[in-house]
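Throughout, protein chains are lettered first and strands after them, A, B, ... in sequence-line order, and every chain is numbered starting at 1.
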Amino acid sequence: MSTNSKTTKTNNSIVRTRFAPSPTGYLHIGGLRTACYAYLFAKKHGGKFILRIEDTDLERKVAGAEEVIYNTLKQAGLHYDEGPDVGGEYGPYIQSERKASYGQYAQQLVKNGGAYPCFCSVERLEKMREGGATKYDKHCLKLSKDEVAKRLANGEPHVIRQNIPQTGTTEYADLVFGTITIDNDELEDGVLIKSDGMPTYNFANVIDDYLMGINYVMRGTEYLSSTPKYNHIYDGLGLEKPQYIHMQPIMRDSKHKLSKRDGDASFDDFVKSGYLPDAILNYIILLGWSPKSNDEKFTLKQAEEMFTVEGLSKSPSIFDLEKLKWLNAQYIKELSEEEFYKLATPFLNSLEHIKDLDKKYLCTLLQSRCSIIRDVVELCDFIKAFDNFDLNLFISEKWKTDITVAKAMLPPLLKELTAKVDMEELSNLSEIIEGFAIANGYKKGQVLLVFRLALTGSLVTPGGAHEMAKLLGTEVMLSRLATVIQRL
RNA sequence: GGCCCCUUGGUCAAGUGGUUAAGACACCGCCCUUUCACGGCGGUAUCAGGGGUUCGAACCCCCUAGGGGUCACCA
């Protein structure tokens with residue numbers, strides 16, 4: 001249990017949270033959820049949600065990735081109060097543009113003994129590790145002041161390392177995990193400033209969070225055990241430490257995180273295949289967090305009211321596509337006919353075989369049968385793939401029908417329809433079928449089932465017999481019936 | 001491997017010493033629409049294992065097992 005739920009106070013200052021992704025590609029579902037929680041926590045407390053781009057690793061930077069992040073966040077409705085493209089008092093919001101500020105803090109830390117220059121070559125470090133060392137041996141900390149000054153003056157390449165005590169323990173209170181205690185001996189003198197002058201994440205992160213007034217740091221659990229290192233930096237500089245909220249990842253299965261590399265879809269991919277942004281958000285918020293109430297379907301706005309740190313899960317959660325689909329279907333049902341039509345149109349337009357049909361009408365049938373918008377494509381399959389359907393579909397235990405029944409029923413039914421049906425409107429279809437059933441000793445349901453199957457060649461169709469007949473039109477209806485009769 | 005964290009049905013999960021251990025997805029059954037689907041109702045199924053503590057443990061303690069994270073001039 002969280003030992004610190006009471007410390008979710010705001011220190012009389014406004015809550016400020018941030019989402020700090022690296023521009024290494026698109027924003028995946030896991031990252032988006034982290035952003036969600038940081039957003040919700042800020043909004044719940046009337047605070048600010050900030051976007052910061054962490055691009056100190058020039059190697060991994062991907063062109064255009066920032067825009068993807070901005071767009072995804074906007075599309076998801078996670079509006080940040082400050083960020084690279086919206087500005088704010090604490091800018092710039094891109095780390096590579098903040099280079100100037102890190103050096104001075106590093107120098108101050110060196111002065112205070114919290115860090116030191118290190119001239120060790122990459123080769124020496126490698127050799128050390130090959131020799132079994134698990135962390136840096138503080139070799140350069142032992143250099144004399146004079147020597148350091150001299151080598152610095154000579155412009156020797158060097159990094160700045162953090163100086164961490166080798167004994168004792170460091171502990172802090174995480175708002176979801178409670179007290180975390182780490183032996184200082186486990187902590188390495190990590191690099192703060194790289195030899196190219198750029199800060200590492202470890203350092204930039206701390207300095208930026210401080211400079212930007214971030215008082216609640218919300219991030220993945222991969223930082224749970226390195227947080228003491230960051231606290232040593234705050235302490236070394238005499239800065240007030242933030243509260244920490246670490247969150248477990250979304251898993252693809254019990255052993256693997258959801259990740260791009262393994263082909264797990266991005267937010268954008270989900271949207272493209274017809275998941276509604278609101279439904280995706282709703283689902284991922286619910287995955288790893290639960291409200292006090294039993295509500296499972298809610299808007300972002302409602303989630304802002306309901307959000308509590310206590311509801312965050314301490315264990316990873318497995319992504320369940322089935323449940324997302326179910327939720328998405330709920331959202332689709334709530335769409336107006338026009339909205340659904342608009343969303344379905346791009347998919348429908350790609351289908352040659354339905355180009356002569358009344359798409360508006362089709363959509364009214366389709367809307368309650370889609371889990372995702374893309375489902376409309378498959379639901380329309382019966383319209384073209386008709387000729388060779390499996391005749392065994394006529395076998396129904398419930399309605400006591402089979403191929404023989406169909407063979408007996410269909411020819412007279414076709415005759416009846418050809419003779420009597422209202423060719424324009426199909427207005428009397430129901431009467432005809434009912435009359436036919438009575439006259440021939442069938443139940444109406446039997447006739448309806450066989451008729452619908454003969455008409456569509458499909459067990460599941462986007463509507464009942466009447467709707468399907470109306471959709472396809474009288475001519476197609478009659479010709480399909482004739483075709484099936486021939487096959488029987 | 002060292003260290004940190006986690007462990008309630010197939011999945012998401014509620015639960016904070018006394019509950020018939022919620023709810024949702026999925027699954028199964030029934031009903032509705034005299035046809036599928038949608039919808040409605042109901043059902044199957046969970047406290048990782050073992051020791052304690054206690055009158056009483058899913059809840060507290062210990063051990064074991066399993067899983068995740070972390071040990072970079074990546075973030």
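Partners of A:Tyr37 by ring pair (Phe, Tyr, Trp, His ring centres under 6.0 Å), not counting sequence neighbours, listed by chain and number: A:Phe307. In terms of the ring pair (Phe, Tyr, Trp, His ring centres under 6.0 Å) criterion, residue partners of A:His158 (sequence neighbours excluded) are, by chain and number, A:Phe119. Qualifying salt bridge (Lys or Arg N to Asp or Glu O under 4.0 Å) partners for A:Arg374, counting only residues two or more places apart in sequence or in other chains: none. Scanning for salt bridge (Lys or Arg N to Asp or Glu O under 4.0 Å) contacts around A:Arg18 gives A:Asp209, with sequence neighbours left out. Residues satisfying the side-chain contact (heavy atoms from CB on, under 4.5 Å) test with A:Lys297, not counting sequence neighbours, are A:Asn282, A:Leu327, A:Gln330, A:Tyr331, A:Glu334. By the salt bridge (Lys or Arg N to Asp or Glu O under 4.0 Å) test, A:Lys323 is found to be paired with A:Glu296, residues two or more places apart in sequence or in another chain being considered.
Annotation for A:Lys360: atom NZ does not count as buried by contact number, only 12 or fewer foreign heavy atoms lying within 6.0 Å. Other residues, nucleotides and ligands contribute more than 12 heavy atoms inside 6.0 Å of the NZ atom of A:Lys194.
Here the side chain of A:Glu97 pairs no donor or acceptor atom with the backbone of A:Ile94 at under 3.5 angstrom.
Look at B:G42: its Watson-Crick or wobble partner, with both distances under 3.5 angstrom, is B:C28. Across all strands shown, nothing is found opposite B:A57 as a Watson-Crick or G-U wobble partner with both distances under 3.5 Å. Base pairing analysis places B:A48 opposite B:U64; the two distances defining the Watson-Crick or G-U wobble pair are each below 3.5 Å. For B:C73, there is no paired nucleotide, since no Watson-Crick or G-U wobble pair has both relevant distances below 3.5 Å.
A close approach under 4.0 Å does not occur between any side-chain nitrogen or oxygen of A:Lys443 and OP1 or OP2 of B:U35. Contact between the side-chain N/O atoms of A:Thr134 and the OP1/OP2 oxygens of B:G2 is not found at any separation under 4.0 Å. Between A:Arg129 and the phosphate of B:C73, there is a side-chain N or O to OP1/OP2 separation shorter than 4.0 Å.
Between the side chains of A:Asn202 and A:Tyr230, at least one donor N or O lies within less than 3.5 Å of an accepting N or O. No donor-acceptor contact under 3.5 angstrom links the side chains of A:Gln166 and A:Asn184, judged on distance only. Between A:Glu54 and A:Ser22, the side chains place no donor N or O within less than 3.5 Å of an acceptor N or O (distance only, hydrogens not considered).
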Only pairs under 3.5 Å count here: list side-chain donor-acceptor contacts from residues 436-443 of chain A, not counting sequence neighbours, and write none if there are none.
unit_1   : atom_1 : unit_2   : atom_2 : d
A:Asn440 : ND2    : A:Phe436 : O      : 2.7

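Ranked by how close their nearest RNA chain B nucleotide is to the 5' end, A:Tyr283 and A:Lys444 are led by A:Tyr283. Mapping A:Asn294 and A:Thr56 onto RNA chain B by nearest heavy atom places A:Asn294 at the nucleotide closer to the 5' end.
At a threshold of 4.0 angstrom between heavy atoms, the contacts of A:Thr24 with the nucleic acid are absent. Among the atoms of the strands shown, only primed sugar atoms or phosphate atoms (P, OP1, OP2) are found under 4.0 Å from some heavy atom of A:Glu54. A:Lys325 comes within 4.0 angstrom of nothing in the nucleic acid, heavy atoms only. Residue contacts shown for A:Glu186 include a base, since a base heavy atom lies under 4.0 Å away. As judged by a 4.0 angstrom heavy-atom cut-off over every strand, A:Ser458 is placed among residues making no nucleic acid contact. Across all strands, A:Cys370 comes closer than 4.0 Å to no nucleic acid atom at all (heavy-atom distances). Within the 4.0 angstrom heavy-atom criterion, only backbone atoms of the sugar-phosphate kind lie near A:Glu188; the bases stay farther away. Using a 4.0 Å heavy-atom criterion, one finds that A:Gly288 contacts the sugar-phosphate atoms exclusively. Heavy atoms of A:Ser195 sit under 4.0 angstrom from at least one base atom.
Of the listed nucleotides (B:A72, B:A24, B:A37), B:A37 has the atom at the smallest distance from the side chain of A:Ser368. Distance from the side chain of A:Lys333 is smallest to B:C38 among B:C12, B:C38, B:C5. Proximity note for A:Ser317 (side chain, C-beta onward) versus B:A75, B:C25, B:A13: the nearest is B:A13. Out of B:C12, B:A75, B:C6, the shortest distance to the side chain of A:Phe177 is found at B:C6.
Distance, A:Asp196 CG to B:C73 P: 12 Å, rounded to whole Å. As a whole-Å value, the separation of A:Tyr116 OH from B:C73 C1' is 13 Å. Regarding A:Tyr331, its OH atom lies at a distance of 15 Å from the C1' atom of B:C25, rounded to whole Å. In this structure, CE of A:Met198 is placed 10 Å from P of B:C74, rounded to the nearest angstrom. When rounded to the nearest whole Å, the span between CZ of A:Phe203 and C1' of B:A75 equals 16 Å. To the nearest angstrom, P of B:C71 lies 12 Å from OH of A:Tyr201.
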Could you write out each protein N or O paired with an N or O of nucleotides 65-70 of chain B at a distance under 3.5 Å?
unit_1 : atom_1 : unit_2   : atom_2 : d
B:G67  : O2'    : A:Ser254 : O      : 3.3
B:G68  : OP1    : A:Lys255 : O      : 3.1
B:G69  : O2'    : A:Thr221 : O      : 3.4

Dump every N/O contact between nucleotides 42-50 of chain B and the protein below 3.5 Å, one line per pair.
none

What protein N or O atoms touch nucleotides 7-10 of chain B N or O atoms at under 3.5 angstrom, if any, and at what distances?
none

Candidate pair A:Ile285 and A:Phe298, rule side chain to side chain contact (heavy atoms under 4.5 Å, CB included), full reasoning: CA-CA 10 Å; A:Ile285 288 170; A:Phe298 41 74; 3.9 Å; yes
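Of the residues in residues 391-400 of chain A, those placing a heavy atom less than 4.0 Å from an atom of RNA chain B are A:Lys398, A:Trp399, in numerical order.
Between the side chain of A:Arg369 and the base of B:C36 there is at least one donor-acceptor pair of N/O atoms closer than 3.5 Å.
Rounded to the nearest 0.5 angstrom, A:Leu362 CG and A:Leu365 CG are separated by 6.5 Å.
Legend: salt bridge (charged side-chain N to carboxylate O under 4.0 Å, His left out) pairs involving residues 444-460 of chain A, not counting sequence neighbours, sorted by first then second residue: A:Glu434-A:Lys444.
B:G39 sits 13 Å from B:A24 when the P atoms are compared, rounded to a whole Å.
Between A:Tyr283 and A:Phe319, the ring planes lie perpendicular to each other; the angle is over 60°, past the 30° to 60° tilted range.
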